[in-house]
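For reference, the structure is listed below as structure tokens.
Proteins come first, then strands; the chains are lettered A, B, ... in the order of their sequence lines, and each starts at number 1.
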Number of protein chains: 2
Amino acid sequence: MTITVKDVAKKAGVATSTVSRVINDHPSISIATKEKVRNIMKDMGYVPNISARNLGTQSANALGIILPPFLTKEQVGNPFYLELIYSINQAAVDLQLATVIITGKDNEELLNHVKQMYAQKQVDGFILTYSIKNDPILHYLMKETIPVTLIGKPCSQRDGLSYVDNDNQLLGRCSTNHLIEHHHQKILFLTDRQEDQVFIDRYIGYQSALKQANLPVFSPKILQEKQDWQEFIPWIQREGITGAIVMDEGLALKTIQALSQIGYEIPADFSLISFNNSFLATLTHPFLTSVDIQIHDLATASVKQLVSQLTTPTTRQQPVIIQTYGLIQRETVGQINTKD
Amino acid sequence: MTITVKDVAKKAGVATSTVSRVINDHPSISIATKEKVRNIMKDMGYVPNISARNLGTQSANALGIILPPFLTKEQVGNPFYLELIYSINQAAVDLQLATVIITGKDNEELLNHVKQMYAQKQVDGFILTYSIKNDPILHYLMKETIPVTLIGKPCSQRDGLSYVDNDNQLLGRCSTNHLIEHHHQKILFLTDRQEDQVFIDRYIGYQSALKQANLPVFSPKILQEKQDWQEFIPWIQREGITGAIVMDEGLALKTIQALSQIGYEIPADFSLISFNNSFLATLTHPFLTSVDIQIHDLATASVKQLVSQLTTPTTRQQPVIIQTYGLIQRETVGQINTKD
DNA sequence: TTGTAGGCGTTATCAA
DNA sequence: TTGATAACGCCTACAA
């Protein structure tokens, strides 16, 4: 029924081992036989059986994408993950790797799935798509020295951990500078999550930009509950804040709405700059000025990191920091009205 | 190094076949030996090697999720897919199946990946997450009688195709009725894509609800280009439209914005009801009244359908239509102001 | 109810 | 440069 190396070997008048070598482009096979065998493979429509290969090579030819245990509808909706999955898979396919999804409704379930996938040899390693404090998943993977690449920076010092991240301090600095260049002087930093390493780094960048420009640094505003907003908006007016760096595009949209309710015009009265450059940025006017974090590069680099762990397990991986970014100027940043 | 059936067998003083039977819970093994072997497996930390099993059973123990070849940032951002992936994986894990992602930058590449994954026996079958006209992917899978379950209704008659869908005509009818109950009389249907089977069905439901209520039926308004909006908004005013069924929550947000620009208050002057109940619905006020399409049920049913194709390839699958839905009332539907 | 033995399709280790 | 042959770990007749 299915065509195997044996069939190809017989037809080609060579041994199965030769066919196998041709498949793997082994250097010690003459060009002539390679040609011959390849033609026959094509003629017969031969396709290698990956399970059999995996059994032989003791590998899985697959990487696992660990998604965060989603808690809220908001997180599931986060466009970041789908784009990441998509880009990781594209990079993986280029290397003949399959991409397996790993989820769980909570950390315990997720950890079980991770363990199982690895123990059953269904994946060779993992890409962990999020970085949080005291993550039991990351802890387990490192303890067992299972190949893993983290997307994002580890929250605490993790020796030898392979990770790929944006230069979030740089992004924080550049976005802040963008507002400074537009003559803003009282610039805020807004977030809806503070445990996040991404937040910490960007906030550091924000601080450094302001200090360098001799402008006031504000402590980050955490906006989660309704009450946070109720205190926040009057406070902005009182303080005469004119601009903000916003961690998340969803949050930016909410902020714009809250400000319009007190009659602020964007960007005439207030400027915002956000991150990710997702579809949210161009959903409604004013379109969001946003920092593109190059998800594609992040994904490609993470796959590369993981693969090099797999091929050379001994050598330590240097973290990769994506330096490129895009400052996508749209409609939420303007010169500040200095006439008052 | 790794523990195999052989090791377990030796320690338990039984044959490897017995161990194998215990693993698969074969009925002809005595409870006593089952117990014994299981304990030993646990003690030794035995985990079956899936590649080996797959090789033996000629299966892959995995299903492939085919994602649409994404064209635009908007589509990548669509929260629907991530939620679907997540739910499918949860359902698959329960059945001990792995979930493999399949993508491509265009139909050609996607088709190649699909072919390859199946030929290499990396997946047993596919879940196709979208339904479009003349889809070469679906065409190929059906021609080759490869197990597949479609999420959504096929655009043209496809004998014997397994699919899982909402009752979109029902959803179209119910959402329209919801506006009718609020005394709306001139109700529109808004979409940003018209090739879509989902659109067609919901529009049919819209029509039937209006006809039954003896209210005017409008042809669907397609809103894609800027120009569409420029013509649309004045037209609404002229015609005195007071409500709309909107295919997509992103589109609903855009519509609300366009209407506010001409001074309309939502829902006092205009009501909207949309679909999916994604995080977009509660991003900004007014929060969207939305029809929840039960992605979780869709996912679970699709996995079940696919698995039953795999286990009993001969019997025909009856399509599954999810009848339940949630009408999530929020802030965009109100009684129409009848005083004018 | 259990054991024996062969096979699943590749790769890897020897020799030749 | 190639060919035999033995793994790889599990499943499944068939036999006992």
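- A/Lys121 places its NZ atom 18 Å from the P atom of C/dT11, with the value rounded to the nearest Å.
- Each of B/Pro27 and B/Leu55 was assigned the nucleotide of DNA chain C with the nearest heavy atom; the assignment lying further toward the 5' end belongs to B/Pro27.
- The only option from B/Gln318, B/Gln317, B/Gln305 that meets the side-chain hydrogen bond (donor to acceptor under 3.5 Å, both in side chains) definition with B/Ser162 turns out to be B/Gln305.
- Here B/Thr33 reaches the OP1 or OP2 of C/dT2: one of its side-chain N or O atoms lies under 4.0 Å away.
- Look at A/Thr18 and you won't find any side-chain N or O under 4.0 angstrom from OP1 or OP2 of D/dT1.
- Between the CD1 atom of A/Ile3 and the C1' atom of C/dC8 there is a distance of 16 Å, rounded to whole Å.
- Remark: the B/Ser17 side chain and the C/dT4 base include a donor-acceptor N/O pair separated by less than 3.5 Å.
- Residue A/Val47 is in sugar-phosphate contact alone, with no base atom involved, counting any heavy-atom pair closer than 4.0 Å across all strands shown.
- For D/dT12, its base never sits under 3.5 Å from the side chain of B/Arg53 at any donor and acceptor pair.
- In this structure, B/Lys10 places its NZ atom 19 Å from C1' of C/dT2, rounding to the nearest Å.
- Taking 4.0 angstrom as the limit, A/Gln58 places a side-chain polar atom (N or O) nearer than this to OP1 or OP2 of D/dG9.
- Checked by atom type, the side-chain pair B/Ser131/B/Gln197 shows no donor-acceptor distance below 3.5 Å.
- The residue A/Ser20 sits close to a base: some heavy atom pair falls under 4.0 Å.
- Atom CG in A/Asn54 sits roughly 10 Å away from atom C1' in C/dT10 (whole-Å rounding).
- The phosphate of D/dT2 (OP1 or OP2) has a side-chain N or O of A/Ser30 nearer than 4.0 angstrom.
- Take the nearest nucleotide of DNA chain C for B/Lys34 and for A/Val19: the residue whose nucleotide is more 5' is B/Lys34.
- Within the structure, every side-chain polar atom (N or O) of A/Asn49 is placed at least 4.0 Å from both OP1 and OP2 of C/dC8.
- Here the C1' atom of nucleotide D/dG3 and the NZ atom of A/Lys6 are 15 Å apart, to the nearest Å.
- A close approach under 4.0 Å does not occur between any side-chain nitrogen or oxygen of B/Ser28 and OP1 or OP2 of C/dT2.
- Put simply, CD1 on A/Ile50 is 18 Å from P on C/dC8, counting in whole angstrom units.
- Between the CD1 atom of B/Ile23 and the P atom of C/dT2 there is a distance of 15 Å, rounded to whole Å.
- Residue B/Ile31 contributes atom CD1, which lies 16 Å from atom C1' of C/dT2 at whole-angstrom precision.
- The side chain of B/Thr2 places an N or O atom within less than 4.0 Å of a non-bridging phosphate oxygen (OP1 or OP2) of D/dG9.
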